[in-house]
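Reckoned from all heavy atoms, side chains included, excluding hydrogens, waters and symmetry mates. First listed ligand is number 1; within each ligand, the first listed atom is number 1.
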Amino acid sequence: MMNIALDGPSGAGKSTLAKALAKKLGYIYTDTGAMYRTIGLAVKRRCIEPTDTDAVAAALPEIKISLRFENGEQKIYLGEEDVGGLIRTNEISAYASKVSAIPAVRAHLLDVQRTIAKENNVIMDGRDIGTVILPHAQVKFFVTVSDAERARRRYNELIAKGENVTLEEVATAMAERDRQDSTREIAPAIPAEDAIFLDNSGDFDAVIDLAIAIIRDKAKEAGETV
Ligand code: DC
């Protein structure tokens with residue numbers, strides 16, 4: 001199976017890139033951030049503090065997350081509820097970042113994510129895919145974009161959803177979340193030693209073409225067909 005890790009900070013355009021690549025290659029796209037967000041949502045609904053390690057860990061067995069593919073699109077379910085439309089708010093981003101620092105949460109999702117990668121040709125988007133989840137992925141990308149451009153993109157997304165935020169608030173929240181994500185003790189969001197940096201600030205089609213060329217080369221080296 002071809003396993004492609006796509007890591008990088010929030011707002012770097014990983015999901016757009018990963019979806020486009022998965023479509024071109026006929027691979028499964030897995031958005032691991034959505035899994036942490038869904039745990040964040042479930043924790044909030046239970047009125048649990050996202051920093052309360054023991055309470056979050058105790059709730060995990062009741063939090064049933066599943067990815068389903070419907071009409072070629074990935075949907076994320078909490079139990080039988082499609083929560084895709086509820087997990088991309090600033091509030092849930094903060095919950096997700098906090099619960100993602102809890103070892104029990106990461107251990108819980110590690111198995112789910114590895115199983116998907118074992119059974120499918122996959123492009124997995126996250127923070128620790130190349131370093132922890134799929135250390136043997138044939139291709140590891142680390143996606144980068146300037147901080148200002150990342151904040152602008154996330155701001156536009158939130159405004160389009162009708163959230164009442166300023167660009168400055170978004171930039172500050174993003175910087176805080178990046179700081180938490182990259183300095184935490186467990187699975188910090190850092191590039192794998194063998195990661196290939198992909199600058200996603202410029203022309204999207206050019207980035208896709210470059211990524212596809214790299215994937216084809218790496219697949220050939222690994223004796224896989226693309
Ligand atoms: O990619 P995203 O913004 O949807 O991620 C939501 C949060 O989950 C973010 O704070 C980082 C965290 N995360 C993580 O710790 N590990 C992953 N593999 C994916 C996301």
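Using a 4.0 Å cut-off between a side-chain N of Lys or Arg and a carboxylate O of Asp or Glu, Glu157 and Arg153 do not qualify as a salt bridge. A salt bridge links Asp147 with Arg150: at least one charged nitrogen is closer than 4.0 Å to a carboxylate oxygen.
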Could you list each N/O atom of ligand 1 together with any protein N/O atom closer than 3.5 Å, one pair per line with the distance?
| residue | atom | partner | partner atom | Å |
| --- | --- | --- | --- | --- |
| ligand 1 | 1 (O) | Arg127 | NH1 | 2.8 |
| ligand 1 | 1 (O) | Arg127 | NH2 | 3.3 |
| ligand 1 | 3 (O) | Arg37 | NH2 | 2.9 |
| ligand 1 | 3 (O) | Arg127 | NH2 | 3.3 |
| ligand 1 | 4 (O) | Arg37 | NE | 2.6 |
| ligand 1 | 4 (O) | Arg37 | NH2 | 3.3 |
| ligand 1 | 10 (O) | Arg177 | NH1 | 3.3 |
| ligand 1 | 10 (O) | Asp181 | OD1 | 3.4 |
| ligand 1 | 10 (O) | Asp181 | OD2 | 3.1 |
| ligand 1 | 15 (O) | Ser100 | OG | 3.4 |
| ligand 1 | 15 (O) | Arg106 | NH1 | 2.8 |
| ligand 1 | 15 (O) | Arg184 | NH1 | 2.9 |
| ligand 1 | 15 (O) | Arg184 | NH2 | 2.9 |
| ligand 1 | 16 (N) | Arg106 | NH2 | 3.0 |
| ligand 1 | 18 (N) | Thr32 | OG1 | 3.0 |
| ligand 1 | 18 (N) | Arg127 | N | 3.2 |
| ligand 1 | 18 (N) | Asp128 | OD1 | 3.0 |

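Both Ile39 and Ile76 are part of a single hydrophobic cluster, where members link through side-chain heavy atoms under 4.5 Å apart.
For Thr16, the side chain to side chain donor-acceptor pair (under 3.5 Å) test picks out no residue, with sequence neighbours left out.
Judged as a ring pair (Phe, Tyr, Trp, His ring centres under 6.0 Å), not a single pair has a partner in residues 66-110 (not counting sequence neighbours). Screening residues 209-223 for side-chain hydrogen bond (donor to acceptor under 3.5 Å, both in side chains) gives no qualifying pairs among residues at least two apart or on separate chains.
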